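Fair warning: this is a prediction, and the values are worked out from it, not measured in the lab. Per chain, numbering begins at 1; letters A, B, ... match sequence-line order.
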2 protein chains.
Amino acid sequence: MGSLEEAIKQKEFKDPYNKLVVNILYTHSYLVSAQNGILKPFDLSPEQYNVLRILRGQNGVPTTVSSIQDRMLNKMSNASRLVDKLKAKQLVERRECPSDRRQVDIMITDKGLIILNDLQTHMEGFNNQVINLTGEEVGLLNSLLDKLRG
Amino acid sequence: MGSLEEAIKQKEFKDPYNKLVVNILYTHSYLVSAQNGILKPFDLSPEQYNVLRILRGQNGVPTTVSSIQDRMLNKMSNASRLVDKLKAKQLVERRECPSDRRQVDIMITDKGLIILNDLQTHMEGFNNQVINLTGEEVGLLNSLLDKLRG
DNA sequence: TCCTAATACGTGTCTATACATTTAATATCA
DNA sequence: TGATATTAAATGTATAGACACGTATTAGGA
């Protein structure tokens, strides 16, 4: 796999900023593909998995659709339809919010929690296996990405 | 925007490897959204833009669909249909390859080249504006991402 | 109070991703 | 040569992303 230039068969980039954009897009695809391999047997898409983790983080407190949307990795996605898919699999519940009838309370079900726990054991080794970096380098990369977005 | 934890309203991560995966997914979304803003007036999706750049890099030598696929940022995408869309906009041409009739030769048109040049002037300032890093940090980030993928 | 604005959620449409399958053309080898 | 395998591209289907729009409900101000 090695360098980006080799991976996408491009000789060189005009400037390192341009290369960085392409590098992040490419690394994203690399990680998502690997993640997909783990999620597929569980019949979950990466974003469905993410929504379930958000709901688990609530520790039983219901959340609204828009709150889920705010916490999603992709702000332009469509939490409403994702919740629909998860409900069809009985991994989440939805209830009309009594205090504001525009809102809908979403909660993860026991079945959802069980699947997440199952997944976690599969995901544990995944990161270290797919990310070929030392702990120090991971920390550095994290802070650089945080700074990038300014 | 600042830290990832703040951006997606998560208190903390189990381990930095896990945070890194989420961080890359999130930064990807950040960059693609910004890129979309530039591409939209040109009626191009990010991946269509990428295919046009690949074809421009050929300097007039025709390429096959599978060669485009190999160089795409997302290996699982569908070059055939993307080429279709570009052909409908008259930005690429396709010809049956005489030496192997399974293959199709793809070339960027003059119209495609003109749009790319136009875009380039818009894209130039974009990177430095969106990426809040020094040149040194950009270099470091590039090499860390290359190493990540092993 | 009533009118208007803002909010929450859902829906519609187009494009792209992921992956299986199909069809045609070429390669390989007994 | 002929049967089989491999390859290139296209197609089919489900999910997701991007974005506009619609509808119901609540908020807020004249």
Side-chain angles (χ1 to χ4, degrees), chain A residues 25-26 28-52 62-89 91-92 94-106, chain B residues 25-26 28-52 62-89 91-92 94-106:
Chain A
L25 303 192
Y26 187 69
H28 168 264
S29 170
Y30 165 82
L31 289 175
V32 168
S33 294
Q35 228 185 19
N36 252 322
I38 298 186
L39 292 174
K40 204 183 172 192
F42 291 84
D43 192 29
L44 285 177
S45 72
E47 211 56 80
Q48 287 176 11
Y49 170 58
N50 187 38
V51 169
L52 284 184
T63 330
T64 65
V65 173
S66 55
S67 168
I68 294 172
Q69 183 91 46
D70 280 349
R71 298 176 190 196
M72 283 175 61
L73 299 176
N74 196 315
K75 302 300 186 210
M76 287 305 161
S77 187
N78 198 318
S80 181
R81 271 186 280 234
L82 279 172
V83 167
D84 254 18
K85 298 279 164 60
L86 292 171
K87 181 179 154 67
K89 297 176 197 170
L91 304 181
V92 306
R94 44 195 307 173
R95 294 186 200 145
E96 196 181 69
C97 177
S99 65
D100 184 342
R101 277 172 29 219
R102 289 171 302 181
Q103 296 184 359
V104 184
D105 281 341
I106 315 291
Chain B
L25 302 192
Y26 186 68
H28 168 263
S29 171
Y30 166 80
L31 289 175
V32 168
S33 293
Q35 230 186 17
N36 251 323
I38 298 185
L39 291 173
K40 207 184 170 191
F42 292 84
D43 193 29
L44 285 177
S45 72
E47 211 55 81
Q48 288 175 11
Y49 170 58
N50 188 36
V51 169
L52 284 184
T63 330
T64 65
V65 173
S66 55
S67 168
I68 293 171
Q69 183 92 45
D70 280 348
R71 299 177 189 195
M72 282 174 62
L73 299 176
N74 196 315
K75 303 299 187 208
M76 287 306 162
S77 187
N78 198 316
S80 182
R81 270 184 281 232
L82 279 172
V83 167
D84 255 19
K85 298 279 166 58
L86 291 171
K87 181 180 153 70
K89 296 175 196 170
L91 304 181
V92 306
R94 43 195 309 170
R95 294 185 199 145
E96 195 180 70
C97 176
S99 64
D100 184 339
R101 276 167 33 215
R102 289 172 300 184
Q103 296 184 0
V104 184
D105 282 342
I106 314 290

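Atoms OG and CE, on B:Ser67 and B:Met72 in that order, are 11.5 Å from each other to the nearest 0.5 Å. With rounding to the nearest 0.5 angstrom, the CZ atom of B:Arg81 is 9.0 Å from the CG atom of B:Asp84.
The CG atom of A:Asn50 sits 14 Å away from the C1' atom of D:dG17 (whole-angstrom rounding). Atom CD of A:Gln69 and atom P of C:dT7 are 15 Å apart (whole Å). The interatomic distance linking A:Arg101 (CZ) with D:dT23 (P) rounds to 18 Å, in whole Å. A straight line from CD of B:Gln103 to C1' of D:dT7 spans 9 Å, rounded to a whole angstrom. Across the protein-nucleic acid pair, B:Leu39 atom CG and D:dC19 atom P stand 11 Å apart, rounded to whole Å.
Toward the 5′ end of DNA chain D lies the nearest nucleotide of A:Lys89, the other residue of the pair A:Pro98 and A:Lys89 mapping further downstream. DNA chain C is contacted by both A:Asp100 and A:Asp84; A:Asp100 maps to the nucleotide lying nearer its 5′ end (nearest heavy atom per residue).
For A:Ser80, no side-chain nitrogen or oxygen approaches OP1 or OP2 of C:dT11 to under 4.0 Å.
Between B:Thr64 and B:Cys97, every side-chain heavy-atom pair lies at or beyond the 4.5 Å cut-off. For the pair B:Ser33 and A:Asn74, the minimum side-chain heavy-atom distance is 4.5 Å or more. Residues A:Gln48 and A:Leu52 have side chains not in contact (no heavy-atom distance under 4.5 Å, counting atoms from C-beta outward). The shortest side-chain heavy-atom distance between B:His28 and B:Leu25 does not fall under the 4.5 Å cut-off.
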Each nucleotide in nucleotides 12-19 of chain C should get exactly one letter: B, S or -. Can you fill that in based on protein heavy atoms under 4.0 Å?
BB-SSSBB

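Candidate nucleotides C:dT11, D:dT7, C:dA8 were compared by shortest atom distance to the side chain of B:Arg102, and D:dT7 ranks first.
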